[in-house]
Each structure stands twice: as structure tokens, then as C-alpha cells.
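Contents: one structure, followed by commentary.
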There are 2 protein chains.
Amino acid sequence: MVNKLRQHIIDRLGSAPDNIDDVLATFHTLKLKRNEVILKQGEICKYVYFVASGCLQVFVYDKEMNETTRDIITENNWCSELISFGGQKPATENIRSVEPSDLLAIDRQGFQRLTETVPQFDNIYKQILEASYANSVYRINTFVSLTALERIKWLMDYRPKLMSRLSSKLIASYLGISQETFSRLKGKL
Amino acid sequence: MVNKLRQHIIDRLGSAPDNIDDVLATFHTLKLKRNEVILKQGEICKYVYFVASGCLQVFVYDKEMNETTRDIITENNWCSELISFGGQKPATENIRSVEPSDLLAIDRQGFQRLTETVPQFDNIYKQILEASYANSVYRINTFVSLTALERIKWLMDYRPKLMSRLSSKLIASYLGISQETFSRLKGKL
DNA sequence: CTGAAACGTTGACATTTGTCAACACGAAAC
DNA sequence: GTTTCGTGTTGACAAATGTCAACGTTTCAG
């Protein structure tokens, strides 16, 4: 489990930082069953998570308590509510496991220590941030201009594995359409 | 014009970095009329811009060549296509002035020199990135769950000045609705 | 100043999508 | 093994939004 993170860091940086074991030791492990909530809207997000295996859902509730999913994070990716984590503000989003998952978590104190003492770790943070941002921009641009059917096609191109891995309900909420519409449009492919 | 940037940097950092004049000298100025395009989809984004005055629109074309606007940047904010700029990849977005504007531009070489030699500048970059990201997340979560009317209300709360400052056409494209729908719904407030 | 072009509004209508309800199916709980 | 619950599908209908067209107004170039 820790080895997955080790490999991820090496891949990202091209080579291992000298004190990689120190970096890894700053994380603690976390095993989740299906449907465990690890962050609730309104709380302060205390950790940045590395998903070693499994799958997390980042979502919000609208005023009728429908869920809409902003992001779906699968293994070998990072997950957090960075705005809450970085600014110590109440989170505007919820995070939940949609599969049994293994996570590595780092708290703010550990995170700050590493960004100050391990220059390469600071780089990794920038990379996480850049990737998250790129992802968001991509998503906005698809959302604003695409119809429901086009969004489904987009998902099949962009993240094809999600289509078979996740429930229709979750995918529909990720695409911002109703479950029924999703079910109907799937037929028209 | 340069003083606006100086003030912005001081505000962001709490105090001026020692070599602030060196930082400022790395930017060059740029005057735009209305409707000048400074980045086209497919090109590599060469600059990060600080908007000293005026207003920029970041937008994409869909396949019918309709514009949809991902972001609107007004004075004292930063604008770029960070993914293209950082990764030297073709831009997926266009940038255009919607008002006569004064910009301060920094190229990649200057940017890298500053992030390496002026630690506080690296911090500013992180802040730009974090702000851009926060903004995107906010926008996704409103888009996915709000109706056209709710989006209009959202804009009036979130960025009320834009409503009076910009054309209906531009606002509609920012909200992801047609100009006609926007016109009709404005009546229902 | 003047004409062309872009913009904003409104109406009529088509299309897309959501909502509610019913039902079949399979997974999980007991 | 049976029951229960969540999920996925389908139909009927309602609501939201887009499209096309017309027209008056504003803006801007010449």
C-alpha cells in the first residue's frame, strides 16, 4: 500500500527524493468499506488522501438534497478538499468511498513540514493542484456546452473505465443528468 | 499601471519582497482595445497576464462555433491558460478583451526565473493557482445543480458588478444559457 | 451624419430533460 | 431461503430551455 505511493512519487518526480522514507512515514493508512463518509460539508478538511486502491466520490447536496458529483477519484490519484484543507475553511463538499478503499492520509502539520523540508514534495503539491485545476477546467468546458448525450460520449472517451466500473446512478450524478435520462440515452449509442 | 501590480503583490504577501522592483521589471506592458484576441485555441500560451484595468473573457467554441465563456477576469486579477503555459501544450481556450484593457505580461522564462530566485513569487503562483482552482470548483458545483434562473441569482450574489458591466450576450454565455432565455428570466426577478 | 451591423426583446414552437409512478431484477440482510 | 431494499428500466406527462423569426434600438465605422 505504501509502495504504491512510493512508486507514484518516483513517477511524478522522475527519481526518488533522498528522504523518501521520511516522506512516506508521514502518512498513515486508512481502510474504508463501501459508502464510508470521510468528509462532510461544513467540517474542516484535515487530510489529503492518496488513493492506493478503490474509489472516492466528491459531491455536494443541492437544496432538495440531491447529490451531484463533482469528481470521482480512482486508485493512484490524490483526493482532498484542497480549499478547505489549505485555508482551514469549512468544506463545501463531501467525500465518500464508493468501493472498499485503501487510503494514505497526511494531515496539515505533516504536509507543511514536508513542503518546507522536502523541496520536491512542494513540487508534488503544485502538480496535484495543477492536475486538479486542469481537470476542473476540462469539466467546466464540457458542461457548459454539451448536451446530456454528448456528455455521455465525452465520459466514454475521457474516462471509459468508469462506465463499467460504477453504478448508473453515480455516473448520472457525475454528468449532471437524471438517472432516467441516462438510462434512456444509453440506448441511443 | 505597474503600481497596480506592485500593490497587488504587497497585498497578497503582506509585505513587499526585497527585490520587488526586479520582479516588476520582468513584466512588460500591453494595451488592448476592445475585442482583441490574445490567445487562440491551439496556440501555446506564452504569457501570464495581470489585468491592471479592463476585462478579459476566457472562452471556447463548441462544434457549431457558439462561444461559451469559462471565466471573466476583471482588474487586479490574473489571467492565463495555465495548463498550456505550464505544460507548453496547445491551449484549449481563447482569451479576448471585452473592454479596452491594460495588461502586464510575463513570459515563461521570466516566470521561471522568478519562481526560482524569489521564493515569495513562487508563493504568489501557488496563490493564483489555488484561487483559480477554487473558482473552478465553485463554478462546477453551481453549474451541475442549478437551473438557469438560479444561476442568474448566483451571479448576482457572487459577482454582482458583472451584471451591469457586461453585455447580456456575454453573461448568458458565462451562465451557459441562451441569450433569449437570459432575457426572459431577467424579467422574473 | 448615416447606414450597416450587432444587440436585446418578444412570440411561437420544437426539443430536451426532469418528475412521478410502476415494475423487474439482483444484492444484501436476516 | 426468504425478505427487503436499492438499482435500472420504461411510460406518460410536465417543465425548462433552445431555436427561429421578427422587430426596434443601440453602437460604431466610414
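So you know, we letter chains A, B, ... as the sequences are listed, proteins then strands, and number each from 1.
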So, does B:Thr181 get its side chain near the phosphate of D:dG18, meaning an N or O under 4.0 Å from OP1 or OP2? yes
In whole angstrom, give the distance that lies between atom CD of B:Glu64 and atom C1' of D:dT19. 12 Å
Which of parallel (below 30°), tilted (30 to 60°) and perpendicular (above 60°) describes B:Tyr49 and B:Tyr47? tilted
Would you indicate what B:Ser168 reaches in the nucleic acid, counting non-hydrogen atoms under 4.0 angstrom: base, sugar-phosphate, or nothing? sugar-phosphate
On DNA chain C, more 5' by nearest nucleotide between A:Asn66 and B:Ser183 is B:Ser183
Within less than 4.0 Å of OP1 or OP2 of D:dT9, is there a side-chain N or O belonging to A:Lys186? yes
If I take atom CG in residue A:Asn35 and atom P in nucleotide C:dA28, what distance separates them, rounded to the nearest angstrom? 11 Å
Considering every strand and a 4.0 Å limit on heavy-atom distances, what is the contact class for A:Ile177: base, sugar-phosphate, or nothing? sugar-phosphate
In whole angstroms, how far is the P atom of D:dG8 from the CG atom of A:Leu170? 9 Å
Before accepting this row, confirm whether a basic side-chain N of the pair B:Glu99/B:Arg165 lies closer than 4.0 Å to the acidic partner's carboxylate O. yes
May I have the distance from B:Ile152 (atom CD1) to D:dA16 (atom P), rounded to whole angstrom? 13 Å
Protein-nucleotide distance (B:Lys33, atom NZ; D:dC28, atom P), rounded to Å: 14 Å
Hey, does the side-chain of B:Gln179 have a donor or acceptor N/O within less than 3.5 Å of a partner on the base of C:dC7? no
Between B:Arg34 and B:Leu185, the residue closer to the 5' end of DNA chain D by nearest nucleotide is B:Leu185
Report the distance from atom CD of A:Glu150 to atom C1' of D:dG18, rounded to the nearest whole Å. 13 Å
Which residue is it: B:Phe111, B:Phe50, B:Tyr125? I am looking for the one with a ring-ring contact (aromatic ring centres under 6.0 Å, His included) to B:Trp78. B:Phe50
Look at the side chain of B:Lys169 and decide which nucleotide, out of C:dC7, D:dG8, C:dT17, has an atom nearest to it. C:dC7
Is B:Arg139 close enough and on-axis enough to B:Tyr174, meaning under 6.0 Å and within 45°, for cation-pi? yes
Is any N or O donor-acceptor pair between the side chain of A:Arg184 and the base of D:dG11 shorter than 3.5 Å? yes
Assess whether a salt bridge exists between B:Asp122 and A:Lys126, defined as any Lys/Arg side-chain N lying under 4.0 Å from an Asp/Glu carboxylate O. yes
Can you tell me if the side-chain N/O atoms of B:Ser178 get under 4.0 Å from OP1 or OP2 in D:dG18? yes
Just the rounded figure in Å: distance from P of C:dT9 to NZ of B:Lys188. 15 Å
Separation of atom CG in A:Leu149 from atom P in C:dG18, rounded to whole Å: 13 Å
What nucleotide, of C:dT17, D:dT19, D:dT17, holds the atom closest to the side chain of B:Glu180? D:dT19
